Amino acid sequence: MSPQKEDAMAVIQHEMTIGEAADQLSSALPGHRVEILQGRLTATPPADGEHALSLTWVMRKFFAAGDEDAGLRSVQGVGLWLPTGPEDYAVPDFALVEEDFLDAKVQKNCYAPHVFRLVIEITSSNWADDLGTKVDTYAQAGVPVYLVADRRHQEVLLYTQPRGKAYKSREVFKRGMAVLLPESLGVSVELSVDRLLDGEGPDAP
């Protein structure tokens, strides 16, 4: 084999997979949320304080609704292994999962889609993914309920009834309204649009 071919083979052998690139990016950018969405590597900077307050409030709402008594767990930043590519995964802001979700670990601290009952994303700099790519991706993964607090456009979107590559139902909620989540989740939770968007304020419109 010629020296040129040997050099080319060395490059191929040492070429990183997208999963390896994601691991390196996570190490290089601590605090960033690294995901692989439909074969595309993304890194989102840490969110702002309003974003964090919204998630803390959502956690309290589910705890007050008795999520653990219903055999569920409310979690933040837990990876969801996706069926859209061999190394695809997302890290939702918030998820409602089955209490035994730890038994469904796949790899990279990600868990199988079937243990996720609800995913919530609150938009930040990655808003286009939350409103586009993740809608299709979560539908394909069979996540029953996907809620997006769209701070860019000041509204909340609720997607339900995943079928194939899309959700059959899409509802839009404006400021001053409240989102009553589907009873099929197993807990009764109503979320104020204003509180989801702002992080602080009254619980009800």
Side-chain angles (χ1 to χ4, degrees), residues 31-33 35 37 42 44-70 72-80 90-98 101 113 115-139 141-162 166-205:
H32 285 60
R33 178 171 56 170
E35 302 171 295
L37 304 173
T42 71
T44 306
D48 56 30
E50 289 83 359
H51 186 283
L53 288 172
S54 294
L55 291 176
T56 300
W57 172 73
V58 167
M59 292 282 288
R60 292 203 304 266
K61 292 288 285 186
F62 277 89
F63 180 76
D67 54 355
E68 293 191 1
D69 293 336
L72 303 169
R73 295 291 184 271
S74 296
V75 294
Q76 293 186 36
V78 168
L80 194 171
V91 185
D93 287 326
F94 172 91
L96 186 70
V97 297
E98 305 285 349
F101 79 99
V115 300
F116 289 78
R117 290 200 186 181
L118 161 76
V119 162
I120 295 178
E121 300 282 14
I122 297 174
T123 62
S124 51
S125 59
N126 65 334
W127 62 271
D129 281 333
D130 292 339
L131 299 175
T133 305
K134 286 188 175 181
V135 178
D136 300 335
T137 297
Y138 290 149
V143 176
V145 181
Y146 175 37
L147 184 143
V148 190
D150 179 5
R151 298 191 297 171
R152 184 178 181 87
H153 302 101
Q154 295 293 293
E155 62 188 16
V156 171
L157 307 171
L158 179 66
Y159 295 90
T160 57
Q161 303 177 47
Y167 284 100
K168 288 183 63 177
S169 175
R170 175 182 180 272
E171 298 178 77
V172 181
F173 298 84
K174 301 294 186 179
R175 282 192 174 275
M177 301 175 67
V179 183
L180 181 61
L181 295 176
E183 294 182 0
S184 58
L185 291 177
V187 289
S188 180
V189 175
E190 185 175 76
L191 300 174
S192 159
V193 170
D194 290 350
R195 192 70 183 266
L196 282 167
L197 295 174
D198 298 334
E200 292 187 307
D203 279 0

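In this text the structure is predicted, and so the values were computed from the model without any measurement. In what follows, every heavy atom counts, from backbone to side chain, and hydrogens, waters and symmetry copies are set aside.
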Closest approach of S125 to T44 (non-hydrogen atoms, all atoms of both residues) = OG-CG2, 3.7 Å
Would you check if the side chain of S54 reaches a backbone N or O of L196 as a donor-acceptor pair within less than 3.5 Å?
-> yes
Any E98 side-chain heavy atom under 4.5 Å of L72 side chain | yes
What is the minimum heavy-atom distance between P162 and A139, and which atoms define it?
-> CB-O, 3.7 Å
Approximate separation, where rounding is to 0.5 Å, of E121 CD and D93 CG | 4.5 Å
Please round to the nearest 0.5 Å and tell me the distance separating atom CG of L131 and atom CG of D150.
-> 4.5 Å
Flag the pair L157 / Y146 as yes when at least one side-chain heavy-atom distance between them is below 4.5 Å, and no otherwise.
-> no
Where the side chain of R117 meets the backbone of L96, is there a donor-acceptor pair that is under 3.5 Å apart?
-> no
Pairs involving residues 173-187, ordered by first then second residue, that meet side-chain hydrogen bond (donor to acceptor under 3.5 Å, both in side chains) (sequence neighbours left out) = Q154-R175, E155-K174, R175-D194, R175-D198
Working to the nearest 0.5 Å, report the span between CD of Q76 and CG of L55.
-> 4.5 Å
So do the side chains of L147 and V156 get within less than 4.5 Å of each other, counting heavy atoms only?
-> yes
State, yes or no, whether a side-chain contact exists between D130 and I122 at a heavy-atom distance under 4.5 Å.
-> no
Separation between NZ (K168) and OG1 (T160), nearest 0.5 Å, reads 10.0 Å
What pair of heavy atoms forms the shortest contact from A65 to S188, and how long is it?
-> CB-O, 3.6 Å
Return the minimal non-hydrogen interatomic distance between E190 and K61, and the atom names on each side.
-> O-CE, 3.2 Å
Minimum heavy-atom distance between Q161 and S169, given as atom pair plus value = NE2-CB, 3.8 Å
Between the CH2 atom in W127 and the CZ atom in R152, the distance rounded to the nearest 0.5 Å is 4.0 Å
Could you tell me whether the side chain of K134 reaches within less than 4.5 Å of the side chain of V119, counting heavy atoms only?
-> no
Pairwise side-chain contact, R33 with N126, heavy-atom cut-off 4.5 Å (strictly under) | yes
Count the heavy atoms belonging to other residues, nucleotides or ligands that lie under 6.0 Å from CD of E200, then report whether that count exceeds 12.
-> no
Test V143 against L80 for side-chain contact (heavy atoms from CB on, under 4.5 Å), laying out the working first.
-> CA-CA 10 Å; V143 176; L80 194 171; 3.9 Å; yes
Nearest-0.5 Å distance, CZ of residue F62 to CG of residue L181 = 5.0 Å
Heavy-atom closest pair, residues W57 and S192 | CH2-N, 3.5 Å
With a 4.5 Å heavy-atom cut-off, do L191 and F173 have their side chains touching?
-> no
Flag the pair D48 / R151 as yes when at least one side-chain heavy-atom distance between them is below 4.5 Å, and no otherwise.
-> yes
Could you please spell out the steps behind the side-chain contact (heavy atoms from CB on, under 4.5 Å) verdict for V97 and V78?
-> CA-CA 10 Å; V97 297; V78 168; 5.8 Å; no
Centroid separation F116 to Y138 less than 6.0 Å | no
